[in-house]
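Below you'll find the structure, written out as structure tokens, and then a few comments.
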Amino acid sequence: MSGSRVDMKIVLLGKEFGGKTSLVERFLHDRFHGEAPYQATIGAAFGAKRIEVVGKSLILGIWDTAGSERYEAMSRIYYRGAKAAIVCYDMTDSESFARVCFWVKELRNNEENCKIYLCGTKKDLVDENKNNRKVDYHMVTDYADEIRAKVFETSAKTGENIRNLFLKIAEDYTMDPVNKQQQEKDTLNLQEPTKKKRCC
Amino acid sequence: MSQGHKRFHINEQELLCKNGCGFYGNPAWQGFCSKCWREEYQKAKNAQLQIDEQNKMMKQKTPVGAEGKAPSFSKFEEKKKRESDKRTHTVKSLFRKSSSKDIAAEQVAKREAMKRLSSESQQVGEGFADFLRNLSKPAALDVSKHIRALIEKIQQNPDVTVDEHSEIIQDFYQSMGDRLQTHPVYKGLTHTTSDKLMDYMEKYIMTRLYRAVFCSMWSDDEEQDLIIQKRIRSLHWVSEQNLEASISVNEPSVRALVDSAITDIIEMDSKRAPQDKLASVVRCSNHIFEALKASQNNEPASADDFLPALIYIVLQANPPRLQSNIKYITRFSNPSRLMSGEAGYYFTNLCCVVAFIENLNAESLNMTPEEFEGYMSGKLVPRDSKEGHICEGLRLMYQNLANLSELRQRHEKVMAEAMQLQQEIVEFKENFKKEIQSVLTKNPWTIKPRKTKVDLDAESPATDMLPPPLIPQIVGEPMVVQHDQSNANSTDMTTEPHVTVTDTAVEE
């Protein structure tokens with residue numbers, strides 16, 4: 001899908017090597033870096049995928065961003081107009097969660113209508129060995145409640161929770177009264193001309 | 001009178017009309033009489049007009065149609081006929097089909113606007129007209145009416161700021177988008193067709209208005225272009241390592257991709273419609289992804305790899321009028337394109353790159369401020385700056401020179417080895433000779449006479465010296481010999497001394 005028509009823009013934020021790209025890769029093509037020979041995808045920075053939710057078909061456009069601190073100043077350009085932001089942190093790296101707070105603050109200040117989803121990555125490593133976990137789940141959920149965000153702990157390697165994450169995003173989008181209004185307006189508009197035609 | 005003429009050596013023949021119609025001619029009319037002159041002049045004028053018209057046809061779309069409404073001067077009649085014969089398929093040919101009067105009238109008004117159409121506009125116009133032909137007639141008419149109104153609106157107000165232009169056009173996209181959904185004329189259009197229609201409208205309008213709104217005098221775009229251009233030029237020393245871009249630029253296959261990415265981003269300036277400019281950006285990005293993939297063992301690149309690479313490409317390319325192009329796309333592109341789709345993503349990255357370049361400092365390149373200043377002022381020159389900033393031809397030349405010198409070295413080595421081999425051969429020969437000599441001196445040799453065949457029957461002095469052959473003597477009774485063999489043996493034993501003698505003779 002080339003993605004010329006996209007209904008919803010989702011921006012991915014997170015520290016470098018935090019697993020953002022693998023997340024996109026898993027969602028778009030249902031595969032993981034290490035496994036299976038790659039086909040002819042040239043990049044995993046932008047992707048579009050159609051998703052069915054609540055009887056509606058939506059095309060999600062997923063924007064990956066560069067996580068390096070040197071580009072922090074420009075991140076605002078990326079999330080302009082985004083309906084949802086997935087802020088990723090590496091569950092095995094406590095530092096990556098500190099950066100989550102930075103992005104959340106940025107988003108709250110600049111893009112009020114953007115919904116935030118906190119996404120812990122590399123769950124497979126934590127499941128393998130509990131000692132690998134460096135970010136406490138309850139700490140994250142407390143923080144998420146505070147900022148009215150949802151938390152998903154995912155693994156791109158096993159695919160765990162990734163589809164749920166995107167389904168939830170799409171669902172929230174369609175259920176959101178602001179967007180609903182938009183859609184209703186469209187349907188209303190479509191009906192009007194037929195009435196007019198009859199009048200004439 | 002006739003006397004006067006004679007005085008000036010002008011005979012009556014010269015005074016008469018050149019045409020020989022019998023009337024007097026006039027030098028002011030090139031020797032024709034007034035009537036003949038008018039005819040002649042008209043012919044020339046018509047011919048001139050025709051040539052002009054042909055020239056115009058080459059460059060521009062000629063205004064056609066509107067037969068009934070155009071002022072019909074008799075002298076133009078002929079020309080017009082010719083013109084309509086040469087009529088090409090243009091946007092206008094569509095309108096010709098409809099006999100609607102107000103459309104014809106509008107065409108007259110549009111003549112002025114059409115006069116200076118460039119070839120780009122023509123091409124887009126033709127494509128658009130082809131597309132409109134597939135639509136229903138009322139829909140096509142509605143679209144063209146709105147577009148014409150918009151173009152006139154903009155062209156008649158050249159003095160408003162570019163932001164107002166942008167607003168007008170954005171409003172147009174908005175209202176046309178709504179109109180396509182709601183108006184009965186457009187009923188039955190599929191989603192893809194209406195999207196395509198919007199695309200075509202955007203393309204056509206922006207191609208037509210490009211000169212009016214791109215880099216307009218009412219904005220400071222040009223200054224900003226110069227600022228960023230200077231900035232990029234002063235950053236020429238930034239290498240892909242500085243940016244931590246994982247592109248192996250020196251690999252030929254990657255280099256080719258990088259070069260095409262650079263070409264694409266430069267090409268953006270030559271395109272007119274926003275979507276074409278965006279298409280250049282997308283092409284450039286795709287080449288960058290391929291280059292990244294080729295440099296990283298075929299792993300698909302992520303945004304973490306892509307952004308530094310794009311920065312590197314922009315620094316290398318220094319695209320002309322970068323700021324103007326970005327602002328033009330932001331102002332005049334259909335917003336849905338920029339907000340979400342693939343083109344929007346790459347365009348956002350490009351904006352990000354420009355912001356990064358503007359605010360680039362020592363920290364963003366992981367170097368000390370002193371180092372940064374040193375590079376900026378040209379005091380420090382990066383080691384590999386030569387490698388990174390030369391054009392393809394020079395690079396090839398350097399590479400060839402390197403190859404040649406390596407070849408030369410190898411050649412010299414081969415030559416040296418050959419010489420050594422020769423030397424060794426000579427030495428071996430000498431040594432061999434010497435050795436043979438030494439062996440000879442140690443073991444002197446003598447030549448023995450050739451052995452002759454011994455002829456046992458030949459006469460020789462030695463045989464002369466031999467005693468005469470023994471004559472067998474009968475020792476006992478002959479009867480006994482004949483009688484008993486064993487006895488004979490015993491007699492042999494007795495003759496033993498004789499046998500020995502013969503034996504020695506044979507040995508000698």
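A note on names: the letters A, B, ... follow the listed sequences, proteins ahead of strands, and every chain is numbered from 1.
Contact annotation for B:Asn349: both backbone and side-chain heavy atoms come within less than 4.5 Å of a heavy atom of chain A.
Residues B:Asp304 and A:Thr65 share a closest heavy-atom pair of OD1-O, 3.8 Å. In plain terms, the two heavy atoms of A:Phe46 and B:Gly341 that are nearest each other are CZ-C, 3.6 Å. Closest non-hydrogen pair, A:Ile77 versus B:Cys352, comes out as CD1-CA, 3.8 Å. For A:Tyr71 against B:Ile311, the heavy-atom pair with the smallest separation is CE2-CD1, 3.6 Å.
Enclosure of atom CZ in A:Arg108 by more than 12 non-hydrogen atoms of other residues, nucleotides or ligands within 6.0 angstrom is indicated. No more than 12 heavy atoms of other residues, nucleotides or ligands sit less than 6.0 Å from atom CG of A:Asn113. Within a 6.0 Å radius of CD in B:Glu371, more than 12 heavy atoms belonging to other residues, nucleotides or ligands are found. The neighbour count for B:Glu358 CD, taken as heavy atoms of other residues, nucleotides or ligands under 6.0 Å away, is above 12.
For the atom pair SG (B:Cys351) and CZ (A:Arg80), the distance works out to 7.5 Å, reported to the nearest 0.5 Å. With values rounded to the nearest 0.5 angstrom, B:Glu244 atom CD is found 7.5 Å from A:Glu16 atom CD.
The aromatic rings of B:Tyr345 and A:Trp63 sit perpendicular, their planes meeting at an angle over 60°, well past the 30° parallel limit.
If you tally non-hydrogen atom pairs under 4.5 Å between each of B:Val353, B:Asn359, B:Leu243 and chain A, the highest count goes to B:Leu243.
Of the possible polar contacts, none joining the A:Arg70 side chain to the B:Phe356 backbone as a donor-acceptor pair under 3.5 Å is found.
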